[in-house]
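Contents: one structure, followed by commentary.
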Amino acid sequence: MEIELSKTDIIPPYNFDFALTHYNIYPWVSEEGKLIRVLQLRNGKICVAEIKSLGTLNNPKLVIRTKPSRNIQAEEVEEIKEIISWCLGLKEDYRPFYEMCEKDRVLKTAMESRYGSKGKSYPTVFEAIIGVICAQNIQFKRLYSMMYNLCTKLGERIKIAGKDYFSFPSPKNISRSPLSIIRECKVGYRDKFIKKIAEIIVKDNINLEKLKKLSTEDARKELLKFPGIGPYTANLVLAVGLRRKDVLHLDRFVREVMYTFYFDGEKVPDELLIKYANKHWCGFQSLAVDALTTNTEIWAKKLGIDFKIKSGARGE
DNA sequence: CAGGTC
DNA sequence: CCTGG
């Protein structure tokens, strides 16, 4: 089954190549020009979506091929299209953000090589929450192995052309797996949080997708109720799980980048960083931070700065 | 010993 | 608190 997405589905500019080469956290996989991932549909069905580009930056066109190809209902096709559109931000208009970058020499430089890129987000709020919890306290690249382990040990397996693919595990799967198995995924102290959150969702029958309809403030309040979710995790979930642009997460990488490029290398208190972001990147804080923390060591050279922390966006 | 949370 | 650096 092939699904085509063109002008009416994608707001240009759209840079598919960026999506293909950055932040491919399992179950996202990039293979031979195709972006692949397993999806679990509302009715529980597991399928694989393979996305490739046939268009250009200003005339984007994507084709989604779904496997297995048989027995896909019309409403399932629609659902797959919606999921992919959401994850890749196809309907997001980033032009106001680019306009803002024009006035910021650092952001302008950071965005130069990724014009038309749109942040990749998680298909479900649940996957976003677990993903961000795994992102606490680590160098970014470790996130890849944690998510890979969770999927291969606890996700659903599907074989396509002799190759195994895994879905991101459902709350139910996680909630009923022993702590020791979750621990084996090398998630460390996060194991209890991950299991606890899954248990709460199953026991209280919570539909996390409803958070997408709430205001950023209300959604944040709901997120903070879960164990293991503090201000950092809540804000990053809002950014990568709910596509909120007006949130800021401060971790060591973000702090370091802001000190270096906006405060002359001086370590200033968080309050000042927050104030700066709100003032200068108003409404686009999360997009600015995304730009600043992606391939930093590469574009920093154009500004004559030798930035020491590696970004991890490309997954090494 | 990070670093975000408890 | 875990784990990788």
_With A:F166 via ring pair (Phe, Tyr, Trp, His ring centres under 6.0 Å) - residues at least two apart_ = none
*Rounding to a whole Å, what distance do you find between A:K196:NZ and B:dT5:P?*
17 Å
_Could you tell me the boundaries of the chain A footprint on DNA chain C, defined by atoms under 4.0 Å from its heavy atoms?_
C:dC1 to C:dG5
_Taking side chain to side chain donor-acceptor pair (under 3.5 Å) as the definition, give me every residue that meets it alongside A:K153, ordered by chain and number, with sequence neighbours left out._
none
*Kindly write out the residues that satisfy side chain to side chain donor-acceptor pair (under 3.5 Å) with A:E78, not counting sequence neighbours, or none if the list is empty.*
none
*List for me each residue that meets ring pair (Phe, Tyr, Trp, His ring centres under 6.0 Å) alongside A:Y165, sequence neighbours excluded, and say none if there are none.*
none
*Checking all strands, does A:F226 fall into the base, sugar-phosphate, or nothing category for heavy-atom contacts under 4.0 angstrom?*
sugar-phosphate
*Contacts to DNA chain B from residues 184-194 of chain A, heavy-atom cutoff under 4.0 Å, which residues?*
A:Y189, A:F193
Could you pull out all donor-acceptor pairs under 3.5 Å where a side-chain atom in residues 3-12 of chain A meets a protein atom, sequence neighbours excluded?
unit_1	atom_1	unit_2	atom_2	d
A:D9	OD2	A:S6	N	3.0

*In dot-bracket form, how is DNA chain B paired, counting a Watson-Crick or G-U wobble pair only if both its distances are under 3.5 Å and using | for bases paired to another strand?*
||.|..
_All pairs passing side-chain hydrogen bond (donor to acceptor under 3.5 Å, both in side chains) where residues 183-193 of chain A contributes a residue, at least two apart_ = A:Q136-A:Y189, A:N137-A:Y189, A:R183-A:D191
*All ring pair (Phe, Tyr, Trp, His ring centres under 6.0 Å) counterparts of A:F18, not counting sequence neighbours*: A:H22
*asked:* Can you list everything that forms a side chain to side chain donor-acceptor pair (under 3.5 Å) with A:E92? Sequence neighbours excluded, please.
replied: A:R243, A:K245
_In this structure, how many angstroms lie between the P atom of B:dT5 and the CZ atom of A:R220, rounded?_
12 Å
*How is A:I138 classified with respect to the nucleic acid when contacts are heavy atoms under 4.0 Å: base, sugar-phosphate, or nothing?*
nothing
*For A:Y262, check ring pair (Phe, Tyr, Trp, His ring centres under 6.0 Å) against everything at least two apart and list the hits.*
A:Y276, A:W281
*Quickly work out the A:Q139 CD to B:dA2 P distance and round it to whole Å.*
13 Å
*How long is the line joining CG of A:L250 and C1' of B:dG4, in whole Å?*
12 Å
*asked:* How many whole angstroms separate atom CG of A:L248 from atom P of B:dG4?
replied: 12 Å
*Is there a side-chain polar atom (N or O) of A:R255 under 4.0 Å from OP1 or OP2 of B:dG4?*
yes
*Going through the distances and angles, do A:E50 and A:R65 end up as a salt bridge (charged side-chain N to carboxylate O under 4.0 Å, His left out)?*
CA-CA 5 Å; A:E50 290 187 357; A:R65 176 169 287 160; 5.1 Å; no
*Between A:H249 and A:Y232, what is the ring plane arrangement, given parallel below 30°, perpendicular above 60°, and tilted in between?*
perpendicular
